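It should be emphasised that the depicted structure is a prediction, and the values quoted were computed from it without experimental measurement.
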Amino acid sequence: GHMKSLLASVFFPLYWWLFEPEKRIMCLSAVGAVTNRDAAKMLTVLQSPLYWRVLERVHRNAARAAGREWTKDHAAKLWAVTREGVGRIANSRSGERLSFTMHSSFTGPRADGFIVDDPYDVEEVLFGAPARIAERMEEIRTIFKQKLSSRLNDKRPAARAKRAGKVSKIERHPTKG
């Protein structure tokens, strides 16, 4: 429908990498096919000449604004995609886009931010038994509190974008270490 997944899980990481390519981003969804689809779309944009022209322009303008000279040699040294896979896209500046499902084990990898797109299966929540709906919602809250917040590199309060079906909002949460 409304491009919410594209904006959050594809275009936002691409935008962030224009300015801070060293950032690591975890993208999660209840359904693996969603994270894989969005990773594939991000990779398609990353491989396009248009993205690299925009990247070069952003850095050339920043250099000029700072009074530095900009040459083609600078563009070649910006960064490059070093790993192309659905579950992990990496660049030469240590930036990564990692894809997980909400219930997968993502112990180990840390990130500078996370994007959660449809944290639960909407059909299960809307059409499931009332007791199961409450149980699933509590599982998601637990994942946010215990698993996700412990995976952030910066434990200070973080802005997080959450999207659940037709409900979208950006919230500011303190993270507990």
Side-chain angles (χ1 to χ4, degrees), residues 1-21 23-48 51 81 83-91 95-176:
H2 295 92
M3 291 183 39
K4 292 183 288 284
S5 293
L6 274 174
L7 288 170
S9 299
V10 178
F11 299 139
F12 177 73
L14 288 164
Y15 176 79
W16 201 3
W17 276 6
L18 285 174
F19 303 97
E20 298 179 279
K23 295 302 183 182
R24 298 182 74 197
I25 305 153
M26 292 177 81
C27 296
L28 300 103
S29 179
V31 181
V34 172
T35 59
N36 293 344
R37 176 202 67 202
D38 293 341
K41 287 179 181 180
M42 180 175 166
L43 193 52
T44 299
V45 175
L46 270 176
Q47 294 170 333
S48 74
Y51 184 78
V81 176
R83 180 175 171 132
E84 304 171 5
V86 179
R88 179 175 174 240
I89 301 169
N91 68 44
E96 290 182 301
R97 182 202 191 275
L98 305 166
S99 300
F100 295 97
T101 60
M102 290 299 290
H103 291 333
S104 63
S105 172
F106 41 88
T107 335
R110 301 188 71 75
D112 297 297
F114 56 87
I115 298 166
V116 179
D117 186 2
D118 291 327
Y120 44 81
D121 184 340
V122 175
E123 285 188 18
E124 185 178 333
V125 170
L126 292 177
F127 304 112
R132 180 67 181 136
I133 294 170
E135 182 181 311
R136 287 290 290 139
M137 298 303 282
E138 188 54 38
E139 286 173 15
I140 298 302
R141 278 192 285 281
T142 301
I143 289 169
F144 270 94
K145 288 178 188 174
Q146 295 177 1
K147 288 172 87 175
L148 287 180
S149 62
S150 71
R151 300 290 87 214
L152 285 174
N153 287 326
D154 188 347
K155 301 294 185 188
R156 292 178 298 178
R160 299 181 189 136
K162 291 194 294 187
R163 188 178 93 63
K166 302 242 183 245
V167 181
S168 299
K169 60 185 169 181
I170 294 180
E171 298 180 346
R172 188 139 183 93
H173 291 284
T175 54
K176 296 187 176 15

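With sequence neighbours left out, Ala90 forms a side-chain contact (heavy atoms from CB on, under 4.5 Å) with Thr82, Arg83, Arg88, Glu96. Residues meeting the side-chain contact (heavy atoms from CB on, under 4.5 Å) test with Thr142, sequence neighbours left out: Glu138, Gln146. Here Glu135 pairs with Arg132 under the salt bridge (charged side-chain N to carboxylate O under 4.0 Å, His left out) rule; sequence neighbours left out. When the side chain to side chain donor-acceptor pair (under 3.5 Å) test is applied to Asp112, the partners found at least two apart in sequence or on another chain are Asn153.
For the pair Ala111 and Met26, the tightest heavy-atom approach, listed with the atom from each and the gap, is CB-CG, 3.4 Å. Heavy atoms only, all atoms of each residue included: Leu98 and Pro109 are closest at CD1-CB, 3.8 Å. In terms of heavy atoms, Val116 sits closest to Met102 at CG1-SD, 3.9 Å.
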**Request:** Please test Asp117 against Ser29 for side-chain hydrogen bond (donor to acceptor under 3.5 Å, both in side chains), starting from the C-alpha separation and ending with a verdict.
**Result:** CA-CA 5 Å; Asp117 186 2; Ser29 179; 5.7 Å; no
**Asked** Could you go step by step and tell me if Lys41 and Ser5 meet the side-chain contact (heavy atoms from CB on, under 4.5 Å) rule?
**Response** CA-CA 11 Å; Lys41 287 179 181 180; Ser5 293; over 6 Å; no
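Proximity of Arg97 to Asp38: side-chain heavy atoms (C-beta onward) are separated by under 4.5 Å at one or more points. In this structure, the side chains of Gln47 and Val81 stay at 4.5 Å or more apart for every pair of heavy atoms.
Note that the CZ atom of Phe100 and the SG atom of Cys27 stand 10.0 Å from one another [nearest 0.5 Å]. Between the CG atom in Asn91 and the CG atom in Leu46 there is a gap of 8.5 Å [rounded to 0.5 Å]. The OG atom of Ser99 lies 9.0 Å from the CE atom of Met42; values are rounded to the nearest 0.5 Å. For the atom pair OG1 of Thr35 and CG of Leu28, the computed distance is 8.0 Å after rounding to the nearest 0.5 Å.
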Please list every donor-acceptor pair under 3.5 Å in which a side-chain atom of residues 9-19 meets a protein atom from a residue at least two apart or in another chain.
from	atom 1	to	atom 2	distance (Å)
Trp16	NE1	Glu20	OE1	2.8
Trp17	NE1	Lys23	O	3.0

